[in-house]
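Just follow the structure's listing: the first ligand is 1, and inside any ligand the first atom is 1. Starting from 1, each residue takes its place in the sequence as its number.
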Amino acid sequence: GQHSSSRGSLIVFEGLDRSGKTSQCGKLLSYLKGEGLSVEAWRFPDRSTGVGQMISSYLANQSNLDDRAIHLLFSANRWEKRALMENKLQSGITLIVDRYSYSGVAFSAAKGLDIEWCKAPEAGLIAPDLVIYLDVLPEKAAERGGYGTERYEQLEFQKRVAEHYKTLHDDSWEVIDGCLSMEAVQQQLRELATNCVKTCQRGKPLVSLWS
Ligand code: TMP
């Protein structure tokens, strides 16, 4: 059973724009809540902070920033939430997070920035217990209701992002075929998340990312 001292899990969703992450996160959140779990949905960028507003304006093409400067802002946006994230996890709350450091690296590397340079400012953030990568071909993602008007929503760019994501897979990653039906994907996610939550409740330690 769940002990008051047991920690929550950090479950991260990654994937291209229009890969279905946001819908699947919402469904997983409702399911886990229904199972009686303490769970919250987070997302990065968190556009509610001052840094987040700078990012949001950049993404909407309302401002221009140097590639390294925007990279560091995305990272700072995670750092400003790190302490709260740790407190929530330690108090037993599971976090389902729509994008994290892997987006930070894959999107910036797709612009031609060095991967190690991109990873460096992420080192020391909390490592996810589970990363769910929703795998869809860039061409398929582009067809799904079309892209919006945000800066990175372009097929050629998304293809490069997909290539960089592939270099970031580690033991915490589960690649799910995002072209299966909504229900089939969700079924797999529920099983993965449930197992992850149990492992963390049994005392799996929190560790740092890339350090
Ligand atoms: P969103 O559509 O999930 O809100 O993400 C906005 C865009 O920002 C999306 O194209 C991915 C990109 N992004 C980065 O380039 N670096 C990051 O660190 C994050 C979290 C997102």
Angle class for the Tyr102/Trp173 ring planes (parallel below 30°, perpendicular above 60°, tilted otherwise)?
-> perpendicular

Geometric class of the Tyr165/Phe107 ring pair [parallel <30°, tilted 30-60°, perpendicular >60°] = perpendicular

If you count the atoms of ligand 1 from 1 in the order shown, which ones are under 4.0 Å from a heavy atom of [X]?
| X | answer |
| --- | --- |
| Arg78 | 17 (C), 18 (O), 20 (C) |
| Leu59 | 6 (C), 7 (C), 8 (O) |
| Gly104 | 16 (N), 17 (C), 18 (O) |
| Arg43 | 1 (P), 3 (O), 4 (O) |
| Phe44 | 20 (C) |

With backbone taken as N, CA, C and O and side chain as the heavy atoms from C-beta onward, which portion of Pro45 lies under 4.0 Å from ligand 1: side chain, backbone, both, or neither?
-> both

Which protein heavy atom lies closest to [atom], and at what distance to 0.1 Å?
| atom | answer |
| --- | --- |
| atom 15 (O) of ligand 1 | Phe107 CB, 3.1 Å |
| atom 3 (O) of ligand 1 | Arg99 NE, 2.8 Å |
| atom 21 (C) of ligand 1 | Phe74 CE2, 3.6 Å |
| atom 9 (C) of ligand 1 | Asp17 OD1, 3.4 Å |

Whether Ser75 side chain and His71 backbone form a donor-acceptor pair below 3.5 Å | no

Among Arg78, Lys81, Arg99, find the one that has a salt bridge (charged side-chain N to carboxylate O under 4.0 Å, His left out) with Asp46.
-> Lys81

Donor + acceptor pair across side chains of Lys111, Tyr152 (<3.5 Å) | yes

Are any of the side-chain nitrogens in Arg7 or Asp129 under 4.0 Å away from the carboxylate oxygens of its partner?
-> yes

Charged N to carboxylate O below 4.0 Å: is that the case for Arg47 and Glu150?
-> yes

Report the member of Arg151, Gln154, Gln158, Arg47 with the shortest heavy-atom distance to atom 6 (C) of ligand 1.
-> Arg47

Compute both the distance and the angle, then confirm whether Arg151 meets the cation-pi test with Tyr58: under 6.0 Å from the six-membered ring centre, within 45 degrees of the axis.
-> yes

